[in-house]
Each structure stands twice: as structure tokens, then as C-alpha cells.
Amino acid sequence: MKIYILAAAICTLLVNHVLAQDFCQDVSGGTCVAKGTCSGTLAGYQILSCLTGGDCCILPETTTPPTTTTTTTTTPAPTTTTTVPPTTTTTIPPTTTPPAEQRCGVRSNTQPLLSRIFGGNETTECDWPWQVSIRGKISDSSNLVPTSDQTSHFCNGVIIADQWILTTASCVLIAAALGGNGGDPVNNVIVVAGDHNTAGVSINFAAGTLQEKVFTVVESNIHPEYKKNVSTFKFPADLQDTGIDFESNNIALLKLNIPVTYSNCVRKACLLSETSQTIINKDCFIAGWGRSENGDQPILKEAQVELASRVVWEFIHRVTSNPDPVRALTTYAIFVNAVAGGNTCSGDDGGMLVCKDAAGVWSLEGLINRDSGTCEPKAKFLVTDVTAAYPWIMTTIS
């Protein structure tokens with residue numbers, strides 16, 4: 001702080017000067033305020049009088065530090081370019097269950113099932129929609145049409161795929177035997193699906209269409225280890241030769257001319273690969289258009305049976321004097337209602353043996369392996385083991 005102490009002469013001179021201003025302000029840079037109210041550092045010094053008669057308040061010299069301007073330079077962080085991969089949207093289609101007619105092993109008729117073929121009960125229409133009638137020409141001059149004056153029901157088959165029928169080799173050979181053409185099934189055999197009464201025509205009155213569908217055969221495949229084939233089978237001489245084994249490897253496949261159109265009365269049975277549930281061997285049925293105690297039977301019949309494992313029959317054959325050998329690709333089934341008597345008979349050959357699994361789906365486990373020539377009531381009958389033949393089936397149709 002600078003204090004200017006002036007001589008009295010100078011002060012007097014200045015006070016008397018007409019242009020003089022407040023001394024306090026001009027010389028000391030102070031401020032004149034009312035006397036006694038100075039709040040400055042120096043107050044009441046008369047030598048620094050004010051022309052107004054007040055006190056000169058001189059405030060301490062305030063040294064203002066130089067203004068430093070700080071310039072903050074913000075260096076932007078290096079730009080990192082992150083490439084975000086394009087979002088891939090996967091649309092999961094809604095899970096839909098195919099219609100019942102397109103699923104294997106689903107019956108269209110869920111009425112309670114009865115028992116026995118020989119001496120047994122008739123089915124109702126569409127009970128077993130995978131069972132088909134295999135018909136052959138009745139002479140070499142016959143036409144391949146499903147009328148009784150041209151073709152006749154000889155045996156049965158089962159739909160297992162859109163264009164494939166599984167049956168027995170004996171069925172194919174016998175059905176083709178009367179039509180000439182060297183006994184060729186392609187020229188002599190037709191397949192009728194959706195049938196119920198082989199003596200008439202099944203009609204869907206609601207739709208105004210035929211319920212049964214007729215197919216020709218474009219390819220026949222007899223198991224390569226079957227005793228006979230089309231070129232070596234002699235009818236009827238071979239059937240009378242008891243030395244020929246017609247039961248072992250008794251299985252065949254027929255390829256249809258066009259794929260099957262599934263409906264309420266035309267469906268396919270499941271095979272081993274199409275069911276993951278446990279098979280209930282006591283809930284099994286066979287079906288066929290074979291003879292009954294009243295003669296020819298045009299209405300499809302069914303029987304409840306129990307399918308026995310091949311291992312069981314092999315064991316029985318070893319430890320007992322059972323004369324029935326266990327042949328290749330065969331096993332046996334037992335009629336559940338054995339007391340009343342039952343049997344397979346002429347015309348039942350190739351018929352289904354299906355068993356229901358834990359989910360209620362029917363799986364094809366066997367085929368009726370030839371009919372019993374006598375049609376007498378028996379407790380058991382021979383079955384072609386479809387499960388054992390599964391590898392050959394899949395190789396052939398693929």
C-alpha cells in the first residue's frame with residue numbers, strides 16, 4: 001500500500017485551486033465518505049482531507065494477479081470402429097402335428113376290439129386301415145380289375161410306406177399263379193386298399209366316392225433266402241410237396257404304381273423305427289379275409305393274440321419235445337381266447353399282426369405266415385417276424 005504524505009503547502013494550494021477535485025480521490029485513489037463512517041484501512045487523516053469535508057478512506061492496494069487463461073485441450077480418444085455382425089433371425093416354425101391319417105399306426109375307428117378270426121368276429125369298416133387285399137387273376141384271360149369275375153382275393157398285405165406293401169412271399173407267388181404270364185406278380189396282381197367286404201364295393205356315401213383304392217404292382221421283391229421265387233415256383237405241385245420249406249424267410253415287398261393317398265380308411269402301420277414306446281405284447285391283433293367255419297368270409301375278421309418272443313420259442317424247442325422248429329425270420333403267436341378256439345385259415349396269409357405301444361400307436365410286429373391247411377382250432381400259429389426282417393425291409397424300400 002502506498003501512502004502519500006503531502007506537505008501542507010501543497011495541500012493548501014490544491015484546496016484553493018478552483019479546478020481541484022477531492023484530494024483523496026485524485027492523489028490517493030481513496031473514496032470520500034461521511035465523517036466517521038470510513039471502513040477503509042486508513043481513516044480520518046485530515047491531511048488527506050476531502051473537499052466535501054468527509055474522511056478519505058484509502059483501501060489497501062489490491063494486487064490482482066495476472067489472469068491466467070488455461071486452455072484445456074481435450075484430445076479425443078482414438079475412434080475404435082466395432083463391426084457388429086448382422087443380426088440373424090432364425091424363424092422356428094410352429095410345431096404342428098400331422099393329421100391322423102398321415103401318421104403311422106393310428107386307427108380311425110376306436111371302438112373296442114373283439115377276438116378270433118376262425119370262428120371269430122367281424123370288423124367294422126376302417127378298423128384296420130393299413131390292411132389290404134391282394135387279388136390275382138382267376139385265369140390267364142382275366143383282366144386286372146377288382147371284380148369277382150376277373151380277380152379273386154388270395155391273401156393280405158400291409159401298407160408300410162407311401163408306395164410299399166409288406167406281405168409274405170407265399171402270398172405273392174400264389175396270388176400270381178393263375179394269371180399266366182409266367183406267374184409274374186406285376187402282370188397278375190392288384191392291391192385293394194380301404195376294403196372291408198371283398199365281395200362288394202365299399203363306398204364313402206358322405207363324399208360320394210369309392211372308399212377302396214385299387215393299385216397295380218410295378219415291382220415285386222421276394223426275400224432272397226426264400227425257398228422259391230417267381231421262376232422256380234410250380235403251382236399247384238409245389239404246394240403239395242411237404243418237403244419244401246415255405247415258412248422260413250417268408251416275406252416280400254410289393255411296390256405300387258402310384259403313392260397311396262391317405263384317408264380315414266387308408267393309412268400305414270408303424271415299423272420298428274417309427275415307434276419309441278414299449279410294445280405291449282398282450283395287446284396284439286391279427287386280421288384277415290380268410291375262411292371261417294361257415295366257409296368263405298368276405299368281411300375282414302380280427303383276433304386278439306399274444307406275440308411270443310423268438311427267444312422263448314427257441315428255448316421251448318430245446319428243453320422240450322416240441323416238434324415245431326423255429327425257422328428263419330419266424331416266431332409264434334398264441335390266441336388269447338384259446339378256450340373258444342381260433343386259427344388262421346385259407347386267405348389269411350400275409351395278414352397283419354400289430355401290437356399297441358404305450359402311446360396307443362399300432363406297430364407291425366409280424367405277418368400271418370401261411371394259413372393252416374386244416375383250419376382247425378389251435379392255440380398257436382406261425383408268424384413271420386417283421387422286426388427280425390427290418391434290415392432287409394429298409395434296404396429294399398430305400
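Keep in mind the model is a prediction, meaning the values are calculated, not measured.
Checking side-chain atoms of R135 against main-chain N and O of V192 turns up no donor-acceptor pair under 3.5 Å. Of the possible polar contacts, one joining the W289 side chain to the P298 backbone as a donor-acceptor pair under 3.5 Å is found. At distances below 3.5 Å, at least one donor-acceptor pair connects side-chain atoms of R107 with backbone N or O atoms of D127. Listed for the T167 side chain is no donor-acceptor partner under 3.5 Å among the backbone atoms of A252. Distance alone, capped at 3.5 Å, places no donor-acceptor pair between the D162 side chain and the P259 backbone.
Aromatic ring orientation, F285 versus W362: perpendicular (interplanar angle above 60°, classes split at 30° and 60°). A perpendicular orientation is assigned to the rings of F233 and F246, their planes being inclined by more than 60° (bins at 30° and 60°).
The two atoms that bring A169 and I222 nearest to each other are CB-CG2, 3.7 Å, heavy atoms only. The nearest pair of heavy atoms linking D349 to C171 is OD2-N, 3.4 Å. Minimum interatomic distance between V217 and P185 (heavy atoms only, all atoms of both residues): CB-O, 4.2 Å. Between I251 and W392, the closest heavy-atom pair is CG2-CZ3, 3.8 Å. What you find for V383 and N369 is that their closest heavy atoms are C-CB, 3.9 Å. Closest heavy-atom contact between V172 and L254: CG2-CD2, 3.9 Å.
The NZ atom of K301 sits 9.5 Å away from the CG atom of D348 when rounded to the nearest 0.5 Å. Expressed to the nearest 0.5 Å, how far CE of M394 lies from CD1 of I160 amounts to 7.5 Å. If you take OG on S220 and CG on N229, they are separated by 9.5 Å, rounding to the nearest 0.5 Å. Within the model, atoms CD of E302 and CD of E122 stand 10.0 Å from one another, a figure rounded to the nearest 0.5 Å. Atom CD1 in I368 sits 4.0 Å away from atom CD1 in I286 (nearest 0.5 Å). Atoms OG and CD, on S141 and Q150 in that order, are 7.5 Å from each other to the nearest 0.5 Å.
By the 4.5 Å heavy-atom criterion applied to side chains, F154 and I134 are not counted as neighbours. Here the side chains of V260 and K268 are not in contact, with every heavy-atom distance at 4.5 Å or above. Between L166 and I393 there is a side-chain heavy-atom pair separated by less than 4.5 Å. Side-chain contact between L353 and C355 is present, with at least one heavy-atom pair separated by less than 4.5 Å. Using a 4.5 Å heavy-atom threshold, the side chains of H196 and C265 count as separate. The shortest side-chain heavy-atom distance between L173 and Y226 falls under the 4.5 Å cut-off. By the 4.5 Å heavy-atom criterion applied to side chains, V218 and V186 are not counted as neighbours. Here the side chains of K213 and T261 are not in contact, with every heavy-atom distance at 4.5 Å or above.
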**OP:** Give the intermediate values and the outcome of side-chain contact (heavy atoms from CB on, under 4.5 Å) for residues Q163 and L256.
**Re:** CA-CA 5 Å; Q163 214 167 340; L256 305 179; 4.1 Å; yes

Original post:
Where do I397 and N221 land on the side-chain contact (heavy atoms from CB on, under 4.5 Å) test, with the steps shown first?
Top reply: CA-CA 10 Å; I397 68 176; N221 297 272; over 6 Å; no

**OP:** Give the intermediate values and the outcome of side-chain contact (heavy atoms from CB on, under 4.5 Å) for residues R327 and L382.
**Re:** CA-CA 10 Å; R327 299 174 175 87; L382 192 65; 4.2 Å; yes

**OP:** Show your working on side-chain contact (heavy atoms from CB on, under 4.5 Å) between W164 and K255 and close with a plain yes or no.
**Re:** CA-CA 5 Å; W164 289 96; K255 186 176 183 180; 3.6 Å; yes

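Placement of I258 and Y262 within a single hydrophobic cluster is found when ILVMFWY residues are connected by side-chain heavy-atom separations under 4.5 Å, directly or transitively. No continuous path of hydrophobic side-chain contacts links L144 to L178 [ILVMFWY only; heavy atoms under 4.5 Å]. Under the 4.5 Å side-chain heavy-atom criterion for Ile, Leu, Val, Met, Phe, Trp and Tyr, I190 and I138 are members of distinct hydrophobic clusters. W128 and L271 fall within a single hydrophobic cluster, where Ile, Leu, Val, Met, Phe, Trp and Tyr side chains are chained together by heavy-atom contacts under 4.5 Å. In the hydrophobic clustering of ILVMFWY residues, with side-chain heavy atoms under 4.5 Å counting as a link, V354 and Y390 come out together.
No more than 12 heavy atoms of other residues, nucleotides or ligands sit less than 6.0 Å from atom CZ of F315.
No salt bridge links D245 with K227; every basic N to acidic carboxylate O contact stays at or beyond 4.0 Å.
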Enumerate, atom names and distances included, each donor-acceptor pair closer than 3.5 Å involving a side-chain atom of residues 234-243, sequence neighbours excluded.
from	atom 1	to	atom 2	distance (Å)
D238	OD2	K228	NZ	3.4
D238	OD2	K234	N	2.7
D241	OD1	G243	N	2.9

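For the residue pair N250 and T384, no side-chain donor N or O sits within less than 3.5 Å of a side-chain acceptor on the partner. N181 and D184 form no side-chain donor-acceptor contact under 3.5 Å, judged by distance and modelled atom types alone. Side-chain contact of S133 with D195: a donor-acceptor pair under 3.5 Å is absent, judged by distance alone.
Checking each of T387, D283, T331 against L307 for a side chain to side chain contact (heavy atoms under 4.5 Å, CB included) leaves exactly one that passes, namely T331.
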